[in-house]
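Structure record follows, encoded as C-alpha cells.
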Amino acid sequence: PFCKKRSRTLPSDLPLCLFPGGSHPKVGGDRRKRTVFTPAQIELLKKSFEENQYPGYQTREALARCIGIEEDRVHIWFQNRRARTPKRIRIGNHAAAPYRSYPKVGGDRRKRTVFTPVQIELLKKEFEENQYPGYETREALARCIGVEEDRVHVRIEMVGAPKTSLNRTYWNHLKRSE
DNA sequence: GGGTAATCTAATCAACG
DNA sequence: CGTTGATTAGATTACCC
C-alpha cells in the first residue's frame with residue numbers, strides 16, 4: 001500500500017513551491033521503506049546526539065557501522081532530531097544566522113563525489129523522464145551507474161529545479177552575486 | 001575562480017505501533 | 001492518532017578541476 005504512480009511531468013500550473021514536503025498530489029514516488037530502529041540503536045543515537053548535535057561524516061559513518069545501519073539513515077535521524085529539538089536547547093545553531101555556524105560544528109564532510117560524463121548523462125536522461133524518482137528507481141539507477149543510492153538522491157535534489165531549467169544551486173548562486 | 005556536491009533548515013507527508 | 005522516518009524546496013558552504 002504505497003502511493004502510486006509518479007507523475008511523468010511537472011504539474012503545469014501551480015508552482016511546486018506552494019507544496020513543500022512534496023505534498024503536491026501528483027508528485028512523490030515510492031518512498032524508501034520506513035526504518036525501524038531498535039531500542040538499543042535509539043539509545044546510542046541519543047547518547048551521541050547529546051555529545052554532538054552536528055556529527056561530521058566520519059562520526060556518522062562510525063556510528064552507523066556501530067549500530068549496523070546506513071550512514072544516510074543516521075544523517076536523516078540527526079536532521080529530524082535537531083528539527084524537533086527546541087531552539088533554546090539546540091547547540092550550534094543561531095536563529096539569526098541559520099547556516100553560519102554549521103561548518104565549525106559539523107567538522108568533516110563526506111568527500112565530494114565526482115560523477116563521470118557517462119553517469120551524468122544517464123542521470124540527466126532519467127531526470128528528464130521523471131523528476132521525482134522513487135526509491136526503487138533511484139536504487140536501480142544507482143546500481144546501474146555504480147554509486148550509492150543516497151548520492152543519486154542528493155544529486156537529483158540538487159538538480160531538481162521547478163523554477164527554472166537551470167541547476168537550482170547555480171540559479172541561487174547567480175542570484176546572490178548581484 | 002566557476003560549477004556543483006554536501007549540508008543545513010523548515011515544512012510536510014506518511015508508516016508504524 | 002501521535003511519534004517519527006522520509007521527501008522536498010530553498011539556502012549556504014566547501015571543494016574538485
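Reminder, nothing fancy here: chain letters follow the sequence lines and each chain counts from 1. A quick note: this is a predicted structure, and the numbers were derived from the prediction, not measured.
Considering only heavy atoms from C-beta on, A:P133 comes within 4.5 Å of A:I156 through its side chain. Between A:R110 and A:Q58, every side-chain heavy-atom pair lies at or beyond the 4.5 Å cut-off.
Put simply, NE2 on A:H75 is 12 Å from C1' on B:dT9, counting in whole angstrom units. Separating the CD1 atom of A:I145 from the C1' atom of B:dA5 is a distance of 14 Å, rounded to the nearest angstrom. In this structure, A:I76 atom CD1 and B:dA10 atom C1' are separated by 14 Å, rounded to whole Å. For the pair A:R31 CZ and B:dA15 C1', the computed distance is 9 Å after rounding to whole Å. Between the P atom of C:dC15 and the CG atom of A:D108 lies a distance of 10 Å, rounded to the nearest Å. Between the P atom of C:dT4 and the CD atom of A:Q41 lies a distance of 15 Å, rounded to the nearest Å. Atom OH of A:Y54 and atom P of B:dT9 are 4 Å apart (whole Å). Atom-to-atom, CD of A:E157 to C1' of B:dA5 comes out at 12 Å; the value is rounded to the nearest Å.
In this structure, A:R112 reaches the bases: a heavy-atom distance under 4.0 Å links it to at least one base atom across the strands shown.
Under the 4.5 Å side-chain heavy-atom criterion for grouping Ile, Leu, Val, Met, Phe, Trp and Tyr, A:F78 is not connected to A:I76 through any hydrophobic cluster.
A:R155 forms a cation-pi arrangement with A:F115, by the criterion of a distance under 6.0 Å to the ring centre and an angle within 45° of the ring axis.
Side chain of A:V114, nearest nucleotide from C:dC16, B:dT7, C:dG5: C:dC16. When distances run from any side-chain atom of A:T35 to the nucleotides B:dA15, C:dA6, B:dA5, the shortest one goes to C:dA6.
Ring orientation note: the planes of A:F49 and A:W77 are nearly perpendicular, at an angle over 60° on the 30°/60° scale.
In this structure, A:K33 reaches the B:dC16 phosphate: one of its side-chain N or O atoms is under 4.0 Å from OP1 or OP2. Between B:dA10 and A:R84, no contact under 4.0 Å exists linking OP1 or OP2 to a side-chain N or O. A close approach under 4.0 Å does not occur between any side-chain nitrogen or oxygen of A:R155 and OP1 or OP2 of B:dA6.
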